[in-house]
**Student:** 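Quick one: the structure is below, and I'll ask about it shortly.
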Amino acid sequence: MDAMTLLQQRSSMGKLMAPAPNAEQLEAMYRAALRAPDHKELRPWRFIEFSGDGLDRLGELFAEAERVENPDAPEAVLEGARKKPRRAPMIIAVVARVTPDEPKVPRVEQVISAGCAAHGLLLAAHAQCLGAMWRTGKYAFDATVREGLGLAGQDELVGFLYLGQIGGRHRPVPEHDLDAFVERWS
Ligand SMILES: Cc1cc2nc3c(=O)[nH]c(=O)nc-3n(C[C@H](O)[C@H](O)[C@H](O)COP(=O)(O)O)c2cc1C
């Protein structure tokens with residue numbers, strides 16, 4: 001796949017099957033992620049990779065978040081939370097590890113950089129014919145989940161990237177009218 005086709009045709013895949021990306025594919029993905037633009041080379045990126053039992057540990061953390069929110073949460077709600085990570089054979093949580101009090105690089109820039117790293121992972125997954133879907137949902141912003149994953153005060157959980165083999169059909173890439181998005185001063 002040539003670069004322009006990749007950039008213009010990447011799309012998400014919600015239906016994901018085993019096996020998880022292999023070591024070689026993951027290395028290529030992380031190398032792409034680490035090419036994210038990075039003001040002052042702060043490297044504000046951390047990746048937490050979940051597979052196998054790790055997915056169940058993440059599910060337990062989601063269930064714990066539900067219990068903290070509502071100690072009387074019904075078992076069905078807890079079970080729903082527990083099962084969420086098993087929608088894919090692998091998840092990579094992308095964290096913006098923010099260097100605080102950096103006058104030239106405010107927090108927002110560091111979070112954007114981590115977002116670019118997440119996009120790099122998605123692009124490199126697509127380029128290798130893997131399926132990928134960026135999800136957040138309420139757990140990405142939940143204090144219990146943040147603590148369980150070791151996020152510090154200013155850090156941001158940019159997203160959970162669900163990864164695996166393509167298990168369905170990609171939606172057609174939408175045709176956008178560029179003029180709706182681009183303002184030209186000339
Ligand atoms: C920061 C971020 C968080 C997202 N969270 C979710 C989510 O929790 N659930 C979901 O269905 N889609 C979520 N999406 C959107 C999908 O990842 C995807 O981009 C969207 O379905 C459009 O598909 P496409 O990427 O093929 O254009 C999120 C996207 C971003 C950038």
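We use all heavy atoms of the structure for the numbers below, so side chains are in, but hydrogens, waters and symmetry mates are not. Order of listing sets the numbers, starting from 1, for every ligand and every atom in it.
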**Student:** If you have a sec, work out which protein heavy atom is nearest atom 24 (P) of ligand 1 and how many Å separate them, to one decimal?
**Tutor:**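 Looking only at protein heavy atoms, the one closest to atom 24 (P) of ligand 1 is Ser12 OG, 3.3 Å.
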
**Student:** Looking at atom 27 (O) of ligand 1, what's its closest protein heavy atom, distance included?
**Tutor:**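 The protein heavy atom lying closest is Arg10 NH2, 4.1 Å.
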
**Student:** Got an N/O contact under 3.5 Å between Ser11 and ligand 1?
**Tutor:**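 So ligand 1 has no N or O lying under 3.5 Å from an N or O of Ser11.
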
**Student:** Are any of the side-chain heavy atoms of Gln128 and Pro21 separated by less than 4.5 Å?
**Tutor:**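 Contact flag for Gln128/Pro21 side chains = no.
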
**Student:** Are any of the side-chain nitrogens in Glu79 or Lys84 under 4.0 Å away from the carboxylate oxygens of its partner?
**Tutor:**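 Judged by the 4.0 Å cut-off on N to carboxylate O distance, Glu79 and Lys84 do not form a salt bridge.
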
**Student:** Taking side chain as C-beta onward, heavy atoms only, is Leu6 less than 4.5 Å from His126?
**Tutor:**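 The answer is yes, as the side chains (C-beta and beyond) meet within the 4.5 Å cut-off.
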
**Student:** In plain terms, say whether Arg97 and Glu156 are close enough for a salt bridge, that is, a side-chain N and a carboxylate O under 4.0 Å apart.
**Tutor:**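 Result for this pair is no, no salt bridge flagged.
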
**Student:** Can you find a non-hydrogen atom of Met13 under 4.0 Å from ligand 1?
**Tutor:**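 No, Met13 has no heavy atom closer than 4.0 Å to ligand 1.
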
**Student:** When you measure from atom 14 (N) of ligand 1 to every protein heavy atom, which one gives the shortest distance, and what is it?
**Tutor:**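 Scanning the protein heavy atoms, the shortest distance from atom 14 (N) of ligand 1 goes to Trp134 O, 3.2 Å.
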
**Student:** Give a yes/no verdict on a cation-pi contact between Arg57 and Phe50, requiring under 6.0 Å between NZ or CZ and the six-membered ring centre and an angle within 45° of the axis.
**Tutor:**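 Checked: cation-pi criterion not met.
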
**Student:** For atom 22 (C) of ligand 1, grab the closest protein heavy atom and report residue, atom and distance to one decimal in Å.
**Tutor:**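 Here the closest protein heavy atom is Arg171 NH2, 3.8 Å.
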
**Student:** Tell me whether Gly159 reaches ligand 1 (any heavy atom closer than 4.0 angstrom to a ligand atom).
**Tutor:**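 Under 4.0 Å: no for Gly159.
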
**Student:** With heavy atoms of Met133 as the reference, note each atom of ligand 1 found under 4.0 Å away.
**Tutor:**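 Those atoms are 10 (C), 11 (O), 12 (N), 16 (C), 21 (O).
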
**Student:** Below 4.5 Å, heavy atoms only, C-beta onward: do Arg67 and Leu78 meet side chain to side chain?
**Tutor:**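 When only atoms from C-beta onward are counted, Leu78 and Arg67 do touch, with a gap below 4.5 Å.
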
**Student:** Counting heavy atoms only, name the option from Leu161, Thr136, Leu122 that's nearest to atom 7 (C) of ligand 1.
**Tutor:**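 Closest candidate by heavy-atom distance is Thr136.
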
**Student:** If the plane angle is over 60° it's perpendicular, under 30° parallel, otherwise tilted; pick one for Tyr139 and Phe62.
**Tutor:**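 Parallel.
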
**Student:** If we set the cut-off at 4.0 Å for heavy atoms, which region of His170 has an atom near ligand 1: side chain, backbone, both, or neither?
**Tutor:**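 It is neither part, as no heavy atom is under 4.0 Å.
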
